[in-house]
Amino acid sequence: MGFRDWLRGKGGEVCDGDPRLAEAVARVIDATDPRLRLLDGVRERLCPAVTHALDYADQVAAALPPCIATTPDNWSASPVLRAFFVRPVDVATTLRDSHDLQDFLASPAGSALDRVCCVVAATRSEQTVLGTALDGDIVRHDVEQKTVSFRHFRLFGFAATEEALRQRIADTVLEGLVIAALREINTRQQQGDRLAFAQRLLSGRLALMEKSRAGLDALECGTWKGRDIGRLRDSLAANAAELAAHHSAGGGLEGTLEGVIRTLEAADVVIHAERLSLSLDAMNVAVPPDSPGAATVELLEFSTATPGTSRRVAFLASVPRHAVAERKLDLAAGLRLL
């Protein structure tokens, strides 16, 4: 059972007359902190946010264009494959080198499949170069052109059919939202712990200074400027104000619930996804759609609010088993590791 099925399971208390939504709310509580059930009206407060998250996950899954037959033989016929891969052999290499795909095909779920559907994700790069172009009857050699390339391929979300794959994608979106909520809750807890520790530290230093004792600060050359009690009191007051603001913004179970609701309501910001349409020529140069030789490349571009992550693009692939070459055992590499 996928995360989405688990989240939308039947049963549980009715939330606005929808048993599935009620169970979804219960599952969100279990995935974050079961103690949330101690709060009055927690299910009613979560219902709108969970409904929004479920709808958004379905929208993301539905936004992806139909599956593309991803084989070296289909390279010349598919604008997406020609844009992603320089040569037909690069398609075969990517399929062969995907450990995730190889592992799925060898697993009980994939061993009997003749064809597998999956998501192919990559990082899109753009570069401005000088190229040639016709300006009337004159050939210009200093025309700025934007070239597009793709790298860092990853295959995931394997399923037997395209419909099942879209359900897996919705699972991934929902799971990502819950994880993002947990990350925000953890960050807030760590921030509160840091402020509380700083308050104790500043209070201790102030107590020493008020007793005319500098503590270890007196041992540091150039840092001890006498009993600077006023400056320390200001720091203590500023930290106390920040700590009070942190507590007033919500702590404990209430803070956890509010963090979950904020994350689910901001689903499109936490996991942002939108259709991307590129018009490229045979050299992957961006050109107007009505240009001779222009081909339209339909993708989904997505990003997350997680720090350090980059925007990625994706398409749905239908991969026949015969197109995936088995990995060969590299004996020389194995011997080098011994």
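Heavy atoms only: backbone and side chains are in, while hydrogens, waters and symmetry mates are out.
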How about Arg151 and Thr123: does a side-chain donor come under 3.5 Å of a side-chain acceptor?
no
Would you check if Met283 and Gln145 make a side-chain contact, meaning some heavy-atom pair closer than 4.5 Å?
no
So, Asn74 side chain and Ala77 main chain: donor-acceptor pair closer than 3.5 Å or not?
no
Do Leu280 and Val287 have side chains that get closer than 4.5 Å, going by heavy atoms?
no
Determine whether Leu105 and Phe153 fall in the same hydrophobic cluster, where Ile, Leu, Val, Met, Phe, Trp and Tyr are linked whenever their side-chain heavy atoms lie under 4.5 Å apart.
yes
Correct closest heavy-atom pair for Ala83 and Phe150 would be O-CD1, 3.2 Å
Cationic N near anionic O, under 4.0 Å, Glu301 to Arg311:
yes
Single-linkage hydrophobic cluster Trp75~Val313, side-chain heavy atoms < 4.5 angstrom
yes
Do you see a donor-acceptor pair shorter than 3.5 Å between the side chains of Gln127 and Thr147?
no
As an exercise, state the distance from CG of Asp100 to CZ of Phe156, rounded to the nearest 0.5 Å.
10.0 Å
What is the minimum heavy-atom distance between Val91 and Phe85, and which atoms define it?
CG2-CD1, 3.5 Å
Given the rule in the side-chain contact (heavy atoms from CB on, under 4.5 Å) test, do Val324 and Arg96 qualify, once you have shown the distances and angles that lead to the verdict?
CA-CA 5 Å; Val324 185; Arg96 182 200 64 199; 5.7 Å; no
So, do Arg115 and Val319 sit near enough that their side-chain heavy atoms are less than 4.5 Å apart?
no
Could you tell me whether the side chain of Leu299 reaches within less than 4.5 Å of the side chain of Val80, counting heavy atoms only?
yes
Side chain proximity check, Pro320 to Thr71, heavy atoms < 4.5 angstrom:
yes
Does any N or O in the side chain of Glu274 come within less than 3.5 Å of the main-chain N or O of Ala63, such that one atom is a donor and the other an acceptor?
no
Apply side-chain contact (heavy atoms from CB on, under 4.5 Å) to Arg37 and Asp30, showing your working.
CA-CA 9 Å; Arg37 290 188 173 85; Asp30 288 337; 2.8 Å; yes
Are the side chains of Thr172 and Val60 in contact, using a 4.5 Å heavy-atom criterion?
no
Over all heavy atoms of both residues, which pair between Thr296 and Ser277 is shortest? Give the atoms and the distance, please.
CG2-OG, 3.4 Å
State the CG-CZ distance between Leu36 and Arg45, to the nearest 0.5 angstrom.
9.5 Å
Verify the neighbour count for atom CD of Glu163: are there more than 12 heavy atoms of other residues, nucleotides or ligands below 6.0 Å?
no
Is a side-chain donor or acceptor of Thr51 paired with a backbone partner of Cys47 at a separation under 3.5 angstrom?
yes
In the single-linkage hydrophobic clustering (I, L, V, M, F, W, Y; side-chain heavy atoms under 4.5 Å), do Val285 and Leu81 co-cluster?
no
Okay, side chain of Asp90, backbone of Arg87: is any donor-acceptor separation there less than 3.5 Å?
yes
Heavy-atom check, side chain of Leu316 versus side chain of Arg166, under 4.5 Å:
yes
In terms of heavy-atom contacts, does CZ of Arg35 have more than 12 from other residues, nucleotides or ligands at under 6.0 Å?
no
To the nearest 0.5 Å, tell me how far Arg321 CZ sits from Leu101 CG.
9.0 Å
Please find the pair of heavy atoms, one from Leu182 and one from Thr32, that lie closest to each other, and give the distance.
CD2-CA, 3.7 Å
Between Arg43 and Val25 (side chain of the first, backbone of the second, donor and acceptor by atom type, cut-off under 3.5 Å), is there such a pair?
no
List the steps and the verdict of side-chain contact (heavy atoms from CB on, under 4.5 Å) for Ser318 and Thr70.
CA-CA 6 Å; Ser318 175; Thr70 304; over 6 Å; no
Applying the 4.5 Å side-chain criterion to the ILVMFWY set and letting contacts propagate, would Ile68 and Leu64 be lumped into a single cluster?
no
Rounded to the nearest 0.5 Å, what separates atom CG in Leu300 from atom CG in Leu276?
8.5 Å
Would you call Leu46 and Ile261 a side-chain contact if the rule is heavy atoms closer than 4.5 Å?
yes
Check the pair Phe158, Leu113 against side-chain contact (heavy atoms from CB on, under 4.5 Å), reporting the backbone distance first and the verdict last.
CA-CA 11 Å; Phe158 307 103; Leu113 297 179; over 6 Å; no
Give the minimum heavy-atom separation between Ala53 and Leu174, together with the two atoms involved.
O-CD2, 3.7 Å
Spell out, as yes or no, whether a donor-acceptor pair under 3.5 Å connects the side chain of His52 to the backbone of Pro48.
no
Strictly distance-based, threshold 3.5 Å: is any side-chain N or O of Ser291 a donor or acceptor partner for the main-chain N or O of Pro288?
yes
Output the distance between atom CG (Leu155) and atom NE2 (His99), rounded to the nearest 0.5 Å.
12.0 Å
To the closest 0.5 Å, what do you measure between SG (Cys117) and CD (Glu162)?
6.5 Å
Donor-acceptor contact present, side-chain Tyr56 to main-chain Ile271, <3.5 Å
yes
Would you kindly confirm whether Val120 and Val148 end up in one hydrophobic cluster when ILVMFWY residues are joined by side chain heavy atoms under 4.5 Å apart?
yes
Ala180 versus Thr263, closest heavy-atom pair with distance:
CB-CG2, 3.9 Å
Classify the ring geometry between Phe84 and Phe315 as parallel (under 30°), tilted (30 to 60°) or perpendicular (over 60°).
perpendicular
Donor-acceptor pair between Arg82 and Ser76 side chains, under 3.5 angstrom:
no
